[in-house]
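Chain identifiers are assigned alphabetically (A, B, ...) following the order of the sequence lines, protein sequences preceding nucleic acid strands; residue numbering begins at 1 within each chain. Atom set for the values below is all heavy atoms of this structure, side chains included, hydrogens, waters and symmetry mates excluded.
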There are 2 protein chains.
Amino acid sequence: MLNAIADLSGHSRAEIAARTGLTKATVSSLVDRMIGANLVVEGAAAVRTGPGRRGTALFLAPDGPHGLGVEIGVDYLATCLIDLTGEVRARWIQSADNRVLSPARVLSRVTKAVRTALAEADRMGVRVGGMGVAVPGLVESATGILRVAPNLGWREVDVRGELRRRADLDDIPVLVGNEANFAALAELWQGTGPRDFVHVSGEIGIGAGIVVDGGLFEGVSGFGGEIGHVMVDPRGPECACGARGCLERLAGQEEIYRQAGVLDDRAPEELITDLLDRLAHRDRRSVAATRSAARWLGIALSGVVNLLDLPTVVLGGTYARLAPWLWEPLRDELAQRVVSSTWSPVEVTASTLGSEAAVRGAAGSAVRAILADPDPYVTAALA
Amino acid sequence: MLNAIADLSGHSRAEIAARTGLTKATVSSLVDRMIGANLVVEGAAAVRTGPGRRGTALFLAPDGPHGLGVEIGVDYLATCLIDLTGEVRARWIQSADNRVLSPARVLSRVTKAVRTALAEADRMGVRVGGMGVAVPGLVESATGILRVAPNLGWREVDVRGELRRRADLDDIPVLVGNEANFAALAELWQGTGPRDFVHVSGEIGIGAGIVVDGGLFEGVSGFGGEIGHVMVDPRGPECACGARGCLERLAGQEEIYRQAGVLDDRAPEELITDLLDRLAHRDRRSVAATRSAARWLGIALSGVVNLLDLPTVVLGGTYARLAPWLWEPLRDELAQRVVSSTWSPVEVTASTLGSEAAVRGAAGSAVRAILADPDPYVTAALA
DNA sequence: CCAATAAGTTTGATGCCTAAACTTATAGCG
DNA sequence: CGCTATAAGTTTAGGCATCAAACTTATTGG
């Protein structure tokens with residue numbers, strides 16, 4: 001169903017009809033059904049100037065089905081519950097070094113977190129209509145199996161199956177996906193940004209989410225967006241993956257910290273704060289380290305943009321926080337290397353969602369799935 | 001309409017129904033209309049074992065609408081006429097150094113070639129249902145305007161508009177596109193190859209056509225697939241585009257010829273023959289030059305494959321002819337650098353279409369457009 | 001209070017597709 | 001040879017989403 005119409009929130013039936021090309025009659029009958037299923041609610045009559053009856057504003061139901069987002073990060077677990085409008089209604093974060101725990105242990109903690117969230121949803125009196133799980137690795141989209149998560153040390157873990165088995169999720173659909181992809185989607189759904197962009201998340205690894213025409217580009221098996229091991233310097237240092245001069249090795253967090261001279265065994269948040277502090281004080285090494293990373297990033301991204309013809313680059317994760325120091329060299333590289341940049345320069349922006357992007361994207365995917373095709377939810381709600 | 005069904009040529013209505021999930025009734029009525037519009041013909045009853053009535057085989061009509069393909073190459077003009085089945089029914093090639101002629105002069109020659117082809121179609125008693133024009137440059141898909149063709153020295157040429165004006169094309173739809181993209185489509189439609197791949201054409205420039213799920217990935221404005229100026233060596237030689245270490249500069253035809261020591265002002269075909277000859281005799285410099293290009297190509301392609309999660313790389317243009325000498329280093333680089341290659345290695349194949357790929361793709365696009373949505377053609381045919 | 005204007009609903013029609021029954025064509029078997 | 005099983009293709013009736021157009025309701029401005 002074309003319920004994606006309803007995300008032009010606050011508009012009247014007539015306006016939606018005009019926008020979508022459907023007739024008022026069609027929109028009316030569709031909207032009636034959506035109201036019946038508690039996906040849409042009517043609001044106050046909209047203000048309009050001039051003569052004529054005022055339309056009744058339509059909104060996605062804030063007490064309709066909610067989406068549960070889960071993120072298995074390298075050093076934390078996060079969950080959140082959002083409503084149809086994308087508003088976050090509850091959230092939990094706990095730090096945990098998931099590298100040192102076995103997948104089974106981590107999954108049992110995740111299960112506990114999911115149970116907590118489901119109980120909270122119950123207490124709030126809302127249904128959970130779907131669930132998204134973000135993981136820092138390559139997920140096969142068809143099966144939901146995590147093939148490999150290098151920075152977690154996992155291989156071949158059936159995350160969806162395990163969660164289904166451990167938590168009692170019965171009929172709740174579960175989507176498993178890459179964190180960078182979910183983060184890109186969160187960016188897409190947040191505010192009124194562009195519908196075509198590449199979102200680079202610099203966390204422990206570097207991942208990209210490619211959004212084309214308002215949809216995620218996932219590739220054939222769902223492994224798309226792996227930008228971390230794109231080569232940027234054939235004579236560069238060796239990377240953990242075995243190759244030389246990978247982007248992740250040259251522009252990843254760790255390398256920035258190392259070159260800036262802040263790298264030690266402090267907590268991640270302390271490291272980045274330290275770096276930002278030094279940058280604010282114009283510390284030579286820190287500025288040089290950041291600019292160097294920006295240049296490598298620009299080289300890799302110019303390839304991406306040339307290949308995919310994307311008008312916008314969005315910096316996410318740690319890169320968003322470093323954005324003021326990345327912009328200049330990044331834009332330089334893009335301007336120089338992107339073939340089409342002479343008549344339409346590539347725009348570079350920073351994400352506003354910070355480290356929460358991936359969980360929110362995961363939760364958002366769940367509600368978007370309902371909006372894109374409400375029938376399964378509607379029939380499930382009746383049962 | 002789901003006429004794309006009919007490209008499972010030679011099957012019966014019942015088989016098509018089974019394949020597509022539609023009912024026999026629906027397929028029957030659809031097929032009737034297609035036969036009425038001369039897009040489909042019935043063939044001899046198919047051979048079947050076992051009891052039961054035999055189905056009547058269905059074929060795309062060989063005398064249905066034809067597609068006209070035009071290629072404005074850097075040093076030649078080519079046209080071809082293909083029928084709905086993709087069979088080439090007529091072809092013309094003329095060499096011409098289009099670099100030294102003004103766009104107006106070239107377009108007037110193209111017009112003449114188009115008129116010849118249209119006259120031939122008339123003589124054959126077939127309608128031309130659409131036309132595709134392949135150009136070696138960046139074409140804005142919305143407008144059909146050629147923004148820039150570096151190797152031709154053109155900028156901002158309204159190829160579609162000019163051809164419309166010069167030849168009397170009245171109502172024939174004209175598609176203008178990048179040659180590499182058309183070549184990739186030709187590869188897709190040829191035989192039973194994969195539905196997801198990246199096709200690299202090494203001609204004067206290097207271009208890529210990205211095919212995902214049986215469709216071309218064009219990007220937002222149609223500039224997708226620009227791989228020629230992806231950086232592969234930050235300390236590499238300067239390229240004509242102003243940047244350093246572009247793939248085209250390091251793995252393009254010219255560089256291979258230069259390193260092999262065959263580069264002079266002979267005709268393109270002589271140069272490549274010379275190189276192939278030397279390779280066949282295991283000439284040291286030629287082998288080294290080719291292998292070096294293969295390695296750079298592998299580096300660039302591994303980035304593409306990581307980013308887009310494509311299972312197959314197809315070598316086209318000059319690279320297809322050099323394939324035996326490119327394979328090994330290319331596969332090495334891909335195996336080492338592609339993250340997902342441990343459990344699903346990237347396949348590398350060579351195109352069989354040679355230099356004809358782009359024209360055929362252009363012509364094919366025209367007929368595919370009719371098959372994808374026959375209504376405009378059907379109504380036009382009635383008028 | 002009435003004309004003009006616009007939102008939303010009702011009604012009947014249309015077009016695409018389906019299910020199920022029916023017709024046609026073929027193989028195998030007694 | 002004719003009967004039965006099987007399968008292709010057609011006919012028919014009906015479902016369902018959408019549409020066009022008329023109608024009802026609500027609101028402004030003279």
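- Residue B:T56 has no polar side-chain atom (N or O) positioned under 4.0 Å from OP1 or OP2 of D:dA8.
- For the pair B:R13 CZ and C:dT23 P, the interatomic distance rounds to 19 Å; values are reported in whole Å.
- Contact annotation for B:S12: backbone-only contact, meaning every heavy-atom pair under 4.0 Å involves sugar-phosphate atoms and none involves a base.
- For D:dT11, the OP1/OP2 oxygens have no side-chain nitrogen or oxygen of B:S28 closer than 4.0 Å.
- Put simply, the side chain of A:S12 never gets that close to the backbone of A:T56: no donor and acceptor are under 3.5 Å apart.
- Applying the 4.0 Å criterion to OP1 and OP2 of C:dA27, one finds that B:R54 has a side-chain N or O inside that range.
- Nucleotide C:dG8 holds its P atom 8 Å from the CD atom of A:E42, rounded to whole Å.
- Taking only side-chain atoms of A:P51, from C-beta outward, the nucleotide of C:dT9, C:dG8, D:dT28 with the closest atom is D:dT28.
- At whole-Å resolution of the value, CG in A:L30 and C1' in C:dG8 are 15 Å apart.
- Under the 4.5 Å side-chain criterion, counting only non-hydrogen atoms from C-beta, A:R360 is not in contact with A:F182.
- Toward the 5′ end of DNA chain C lies the nearest nucleotide of A:G52, the other residue of the pair A:A25 and A:G52 mapping further downstream.
- At D:dC19, one or more side-chain N or O atoms of A:T23 fall inside 4.0 Å of OP1 or OP2 (strictly under the cut-off).
- Judged by distance alone, with hydrogens and angles left aside, the side-chain atoms of A:R164 form a donor-acceptor pair with the main-chain N or O of A:I172 at under 3.5 Å.
- When rounded to the nearest whole Å, the span between CG of A:L22 and C1' of C:dG8 equals 15 Å.
- A donor-acceptor pair under 3.5 Å is formed between the side chain of A:D196 and the backbone N or O of A:D213.
- Put simply, CD on A:E15 is 13 Å from C1' on C:dG8, counting in whole angstrom units.
- Distance B:M34 CE to D:dG9 P: 17 Å, rounded to the nearest Å.
- For the pair A:K24 NZ and D:dA17 P, the computed distance is 22 Å after rounding to whole Å.
- Using a 4.0 Å cut-off between a side-chain N of Lys or Arg and a carboxylate O of Asp or Glu, A:E42 and A:R13 qualify as a salt bridge.
- Between the P atom of C:dA25 and the CZ atom of B:R53 lies a distance of 6 Å, rounded to the nearest Å.
- For the OP1/OP2 pair of D:dA17 and a distance below 4.0 Å, the side-chain nitrogens and oxygens of A:S29 include no atom meeting the criterion.
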